[in-house]
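Input: a single structure, listed below in C-alpha cells.
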Amino acid sequence: AGSEKGKAEEKESPTQALLPGDDAIYELLTARELEVLRLVARGASDAEIALELCLALNTVKRHLNHIFVKLGVKTRTQAVILARRLEIIN
C-alpha cells in the first residue's frame with residue numbers, strides 16, 4: 001500500500017506538461033477565471049475584483065479556488081507566477 005501512495009504523489013499536475021504559449025491552459029481556465037487571474041496579477045484584492053467585474057465576493061473566491069485547483073497551486077502568488085511562466089498573462 002505504501003508504494004501505491006508514492007505513485008499517486010508522483011502524478012503530474014495539469015500544468016507540469018504545458019509549455020509557454022500552450023493553448024491547453026486556455027482550455028483549463030474559463031474566460032472569467034482568466035479575467036480574475038489578470039486582476040490578481042495587477043494586485044487587486046478580492047473586493048476590488050468583485051467591484052471591477054460586478055461579482056459577489058463569494059463568486060470571486062470561488063473563481064480563485066477553481067484557478068488554484070486547475071493550475072495545481074495553493075496561493076495567488078503561485079498562480080500569477082505560473083500564469084506568467086506559461087505566458088497566459090503579462
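Just so you know, these numbers use all the heavy atoms, side chains as well, and skip hydrogens, waters and symmetry mates.
- Looking at Lys70, its side chain does come within 3.5 Å of a backbone N or O of Leu28 through a donor-acceptor pair.
- In this structure, Val40 and Asp46 have side chains that are not in contact, with every pair of non-hydrogen atoms separated by 4.5 Å or more.
- Side-chain atoms of Glu52 do not come within 3.5 Å of backbone N or O of Ile49 as any donor-acceptor pair.
- Side-chain atoms of Arg84 and Ile81, non-hydrogen and from C-beta on, never get closer than 4.5 Å to each other.
- Listed here is the closest heavy atom pair of Ala47 and Leu57: N-CD1, 3.7 Å.
- When side chains are defined from C-beta on, Val60 does not count as touching Leu53, because their heavy atoms never get closer than 4.5 Å.
- Annotation for Asn65: atom CG counts as buried by contact number, over 12 foreign heavy atoms lying within 6.0 Å.
- Considering only residues two or more places apart in sequence or on other chains, Glu48 meets the salt bridge (charged side-chain N to carboxylate O under 4.0 Å, His left out) condition with none of them.
- Under the 4.5 Å side-chain criterion, counting only non-hydrogen atoms from C-beta, Phe68 is in contact with Arg76.
- Of all non-hydrogen atoms in Ile67 and Ala79, the two that sit nearest each other are CG2-CB, 4.3 Å.
- Annotation for Glu33 and Leu29: closest pair OE1-CA, 3.3 Å, computed over non-hydrogen atoms.
- For Arg32 and Glu35, the salt-bridge test passes: some basic side-chain N is under 4.0 Å from an acidic carboxylate O.
- Just one of Thr77, Thr75, Leu71 meets the side-chain contact (heavy atoms from CB on, under 4.5 Å) condition when paired with Val73; it is Leu71.
- To the nearest 0.5 angstrom, Leu34 atom CG is 9.0 Å from Ile89 atom CD1.
- Thr30 places none of its side-chain heavy atoms less than 4.5 Å from the side chain of His66.
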